[in-house]
Structures are given as C-alpha cells and as structure tokens.
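Could you have a look at this structure, given as structure tokens, before my questions?
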Amino acid sequence: MVQIIGSAVLILFICNLIGQLWVNKWEEYQDSLWMATIMGLLTLFAAFQVVAVPAIFMKVKLHVMVIYMAVVIAALSVASFVYIFKSGGAYYKHQAEKLKKAVKDKGNIWLLVAAALILLHTYYGAFYDKAHGDDVRYVGAVVDAVETDEMLMYHPGTGEYLGELQSEFFKDAVAPILMFWAMWCRLLGLHPSTFTHIVVNLFMIPIAYGVAYLLGRLLCKKNVRLTGMFLCAYCLFNLTNHVLPLEGIGLTINFMRWGKSILYCVLIPLLMVFMMEVMSQEKPGKMYLRLGFMLYGSCLASTMSLILLPALTGVWALWDALRVRSRKSIARLLIPCLLCIPMIGYALLYLNCTL
C-alpha cells in the first residue's frame, strides 16, 4: 500500500516540479499548484510521444523508451531544481502564503469541502474501481508490453503475437497512452494491473479536479466561494451519477487509464481554460505558445483528441475573431488553427495506417 500511494505522490511531485519551468514567468499562474502539475504532465506526454510513435512503428523495445524517459525526467527535474535554487524557492514561499491566507479566510470553507469530496472520490475511484470490458484491450496491452518488452505487438485479448501492428492497434501507435503507462510500470516496479487500476486513478483524478478548479476559477471570476461550490457540485455529480440516467458521463472519470477519459475530463476542460485566457488578452502572444504546446502534448491521450481538440479550437478561434471584429481578427482566427497542425499530422498518420 505504501508503495502504491508513494508512487502516485511521486508522479504528482515530478509533474509539479517539471511544470514549474512553465509557470515561473506566467504571471497569471505563477504560484498555481495545479497549473504547474498539469503543464508538467503535458511535458511528459509530449516528450514521450515524439519518440514513442516512430519507435512503435520501428518495433523498438519498451526498455529503450524507459531509459529515454528516465533521462528526460532526470534532466527536466535537475533543470527545475536549478531554477528553484536561483529563485530562492519563491514558488514554495507563494504556496505557504496561500495556505496561511486560506486558513484565515472563511470563504474557503467551500474549497475545503470540495477538497474532502475530491479525496473521497479519489479513494473510491482507486480502490473500488469497477472492471470494464474495454480493459481487455487497455490493461491487457500494458501487461503484454511490460512482460514481453514488445510495444503493441501482442493481441491483448488472446495473447497472440501479431508481429505487425494490425487493425485497431494502429490508433494506439499514434496515441501511445498505453505504452506511457507501461513505461511508468517499469520505472516504478509495479504490476501493470495494479498501476493502471489503482495508481493512475490516484494521481489522474486529482489532476482532473485540478483542471476543473482552474476552469471554475475563471467561470466564477476568481470568486473563492463560488469556485468551491462549483467544485463541490461537480464532484457530487461524479460520486452520485450511478443513480442518474447520465451514468456514462460521470463514470468516465473513474477510468482515467483510458485515453478518452483523459480527453473528456482533463484535456477538453484545459483547452477551455487556455482559450478563455487567450480571449481575455489583447496580445496573447505567450498564450499561443502555451496553447500550441498543450495541443501537441494532447496528441498522446487518444485518437479522439486528434479530432475533437482541433475542432473545438477552430470553433473557439472563430468565435474570438468575430468577437474582436478588428484587423487582429484574422490573426486571432488563424494562429490557433495553425497550432493544430501537429494534431492534424498525427490524424493523417492514423488515417494512412488504417486504410
């Protein structure tokens, strides 16, 4: 149990540590615990997929990706430690100040209630997880990769060695989230089933609620009380939806090992946060850079992200351009669309492989 919980905490810490390299000069989120953690996770997604996609097609062994990611994580962590040392630990000082203010501010009671509900849901999602038919493919592929050192070469349902990527497995080659989990299993020495069913939920469910917090903070115009109420309502919906006709929607967050769950519970809400930040700025130059990186890092999660995220970005950019109605309108429309090119490239690769 200690190893399981410790592994989840370690991954959250690594993501937060790496993410500080993104938020240190981001005025709006300079001391944001969750934005740093989310950007760190996206950095690891992006670093993994840029090598993993060609590696899977070239039949490279899993241990090569494990070594590569160990080097990447170590290098980025050292870079972050250097930054923290040079800044005199400013990020952690901000966190301590925020905690002191939170204790004194009675308006934070709703955030405390939301935090308790989120901890309850994380515990429920991790230790009372329900098996699902799709786990034959999702978890089975991770187990095969860890035990055989082959990436997506075995049929997870039958154990048959395919030798070549076939049928639906191409989509996992383009969006290799399963191999990302397999890589962590090797690094942490955990069994794939334990990692995917328990550990993934222990760190991904809080990250999903972290994104919900950022979105609620913008929607509620930084009102702490309303943001806390928003989080409470969202968490209660997820906890109690099994008695509602919308069961499938709320249960998605309990299966964070799936790429599509990450898409629906993390990436789409995060895209909304980024686009709202773009719209709020007259000259969103740096936000375009962050938006582009967010879109590229999102390629890892699911092939559905290659369709939905560019479509949503285009719709939002069109809305922004119509709203501005000035000479800047064309740029505000085109730049977000151009940032989707890497995702469109991955989509074309997927299409080419499945024809």
Practice problem: Sequence neighbours left out, what passes side chain to side chain contact (heavy atoms under 4.5 Å, CB included) with Leu120? Give chain and number order. | Solution: Leu239

Practice problem: Look only at the side chain of Asn16 and the backbone of Leu33, and say whether a donor-acceptor pair between them is shorter than 3.5 Å. | Solution: yes

Quiz prompt | Closest heavy-atom pair and its distance - Cys337, Gly314 | solution = SG-CA, 4.2 Å

Exercise. Answer with yes or no whether the hydrophobic clustering places Val9 together with Ile198; edges join I, L, V, M, F, W, Y residues whose side-chain heavy atoms lie under 4.5 Å apart.
Key: yes

Quiz prompt | Derivation and outcome, side-chain contact (heavy atoms from CB on, under 4.5 Å), residues Leu309 and Cys340 | solution = CA-CA 8 Å; Leu309 292 181; Cys340 295; over 6 Å; no

Quiz item: What distance separates Leu218 CG from Tyr213 OH, expressed to the nearest 0.5 Å?
Solution: 10.0 Å

Exercise. For side-chain contact (heavy atoms from CB on, under 4.5 Å), just list the numbers for Met151 and Leu178, CA-CA rounded to whole Å, side-chain angles, deciding distance to a tenth of an Å, and then say yes or no.
Key: CA-CA 9 Å; Met151 294 193 288; Leu178 302 181; over 6 Å; no

Quiz item: Are any non-hydrogen side-chain atoms of Val211 and Trp34 less than 4.5 angstrom apart?
Solution: no

Quiz item: Just checking, Arg290 and Trp26: is the charged tip under 6.0 Å from the six-membered ring centre and within 45° of the axis?
Solution: yes

Exercise. Under the side chain to side chain donor-acceptor pair (under 3.5 Å) rule, collect the residues that match up with Ser7, sequence neighbours excluded.
Key: none

Exercise. Output all residues satisfying ring pair (Phe, Tyr, Trp, His ring centres under 6.0 Å) with Tyr123, sequence neighbours left out; order by chain, then residue number.
Key: Phe127, Tyr128

Exercise. Drop me the distance from Ile205's CD1 to Met256's CE, to the nearest 0.5 angstrom.
Key: 7.0 Å

Quiz item: What residues form a ring pair (Phe, Tyr, Trp, His ring centres under 6.0 Å) with Tyr288, not counting sequence neighbours?
Solution: none

Quiz item: How would you list all residue pairs meeting side chain to side chain donor-acceptor pair (under 3.5 Å) that involve residues 330-345, not counting sequence neighbours?
Solution: Asp320-Arg332

Self-check item: With Lys222 via side chain to side chain contact (heavy atoms under 4.5 Å, CB included) - residues at least two apart
Solution: Glu28, Arg217

Quiz item: Is there a donor-acceptor pair closer than 3.5 Å between any side-chain N or O of Gln49 and the backbone N or O of Phe180?
Solution: no

Exercise. Spell out, yes or no, whether Phe48 and Ile67 are grouped together once hydrophobic residues are joined by side-chain heavy atoms under 4.5 Å, including indirect joins.
Key: no

Quiz item: If you look at every heavy atom in Ala47 and Tyr68, which pair is closest and at what distance?
Solution: O-OH, 2.6 Å

Quiz item: Would Asn238 and Tyr234 satisfy side-chain contact (heavy atoms from CB on, under 4.5 Å), going step by step from the backbone distance to the final call?
Solution: CA-CA 6 Å; Asn238 288 327; Tyr234 180 51; 3.6 Å; yes

Exercise. Could you pull out all residues at least two apart from Lys61 that satisfy side chain to side chain donor-acceptor pair (under 3.5 Å)?
Key: Glu150

Quiz item: Which atom pair, heavy atoms only, marks the closest approach of Ser298 to Leu267?
Solution: OG-CD2, 3.4 Å

Quiz item: Under 4.5 Å between side-chain heavy atoms, hopping through other hydrophobics if needed: is there a path connecting Val50 to Val71?
Solution: no

Self-check item: Close side-chain approach of Leu270 to Leu42, heavy-atom, < 4.5 Å
Solution: yes

Exercise. Check side chain to side chain contact (heavy atoms under 4.5 Å, CB included) between Leu12 and all other residues, then give those that pass, not counting sequence neighbours.
Key: Thr37, Phe203, Ile207

Quiz item: Between Phe195 and Cys185, what is the shortest heavy-atom contact and its length?
Solution: CB-SG, 3.5 Å

Quiz prompt | Those residues that, when tested against Ile118, pass side chain to side chain contact (heavy atoms under 4.5 Å, CB included) (two or more places apart) | solution = Thr122, Tyr209, Cys235

Quiz item: Shortest non-hydrogen contact from Pro336 to Ala331?
Solution: CD-O, 4.0 Å

Practice problem: Report yes if some heavy atom in the side chain of Met39 is under 4.5 Å from a heavy atom in the side chain of Tyr29; otherwise report no. | Solution: no

Quiz item: In terms of ring plane angle, is the pair Phe81 and Phe13 parallel, tilted or perpendicular, where the classes change at 30° and 60°?
Solution: tilted

Quiz item: Heavy atoms, side chains only, cut-off 4.5 Å: are Leu188 and Leu10 in contact?
Solution: yes

Quiz item: Can you list every pair that meets salt bridge (charged side-chain N to carboxylate O under 4.0 Å, His left out) and has a residue in residues 185-204, with sequence neighbours left out?
Solution: Asp149-Arg186

Exercise. Check whether the ring centres of Trp181 and Trp184 lie less than 6.0 Å apart, and answer yes or no.
Key: no

Quiz item: Side chain of Asn201, backbone of Asn254: donor and acceptor closer than 3.5 Å?
Solution: yes

Quiz prompt | Met153 versus Ile56, closest heavy-atom pair with distance | solution = CE-O, 4.2 Å

Practice problem: Report whether Trp319 and Leu308 are members of the same hydrophobic cluster (ILVMFWY, side-chain heavy atoms less than 4.5 Å apart, transitive linking). | Solution: yes

Quiz item: Within a strict 4.5 Å, meaning less than it, do heavy atoms of the Ile73 and Leu187 side chains meet?
Solution: yes

Quiz item: Under the side-chain contact (heavy atoms from CB on, under 4.5 Å) criterion, do Met275 and Met279 qualify, and how do the steps go?
Solution: CA-CA 6 Å; Met275 292 306 295; Met279 291 180 66; 5.5 Å; no

Practice problem: Output every pair passing salt bridge (charged side-chain N to carboxylate O under 4.0 Å, His left out) with a member in residues 116-127, not counting sequence neighbours, ordered by first then second residue. | Solution: none

Quiz item: Does some side-chain heavy atom of Val53 sit less than 4.5 Å from a side-chain heavy atom of Pro176?
Solution: yes

Exercise. Give a yes or no on whether the backbone of Leu76 and the side-chain of Ser80 come within a donor-acceptor separation of less than 3.5 Å.
Key: no

Self-check item: Leu21 vs Thr43 side-chain heavy atoms within contact, under 4.5 Å
Solution: no

Quiz prompt | salt bridge (charged side-chain N to carboxylate O under 4.0 Å, His left out) contacts in which one or both residues fall within residues 188-202, not counting sequence neighbours | solution = none

Quiz item: Looking at side-chain heavy atoms only, is the closest gap between Pro342 and Leu295 below 4.5 Å?
Solution: no

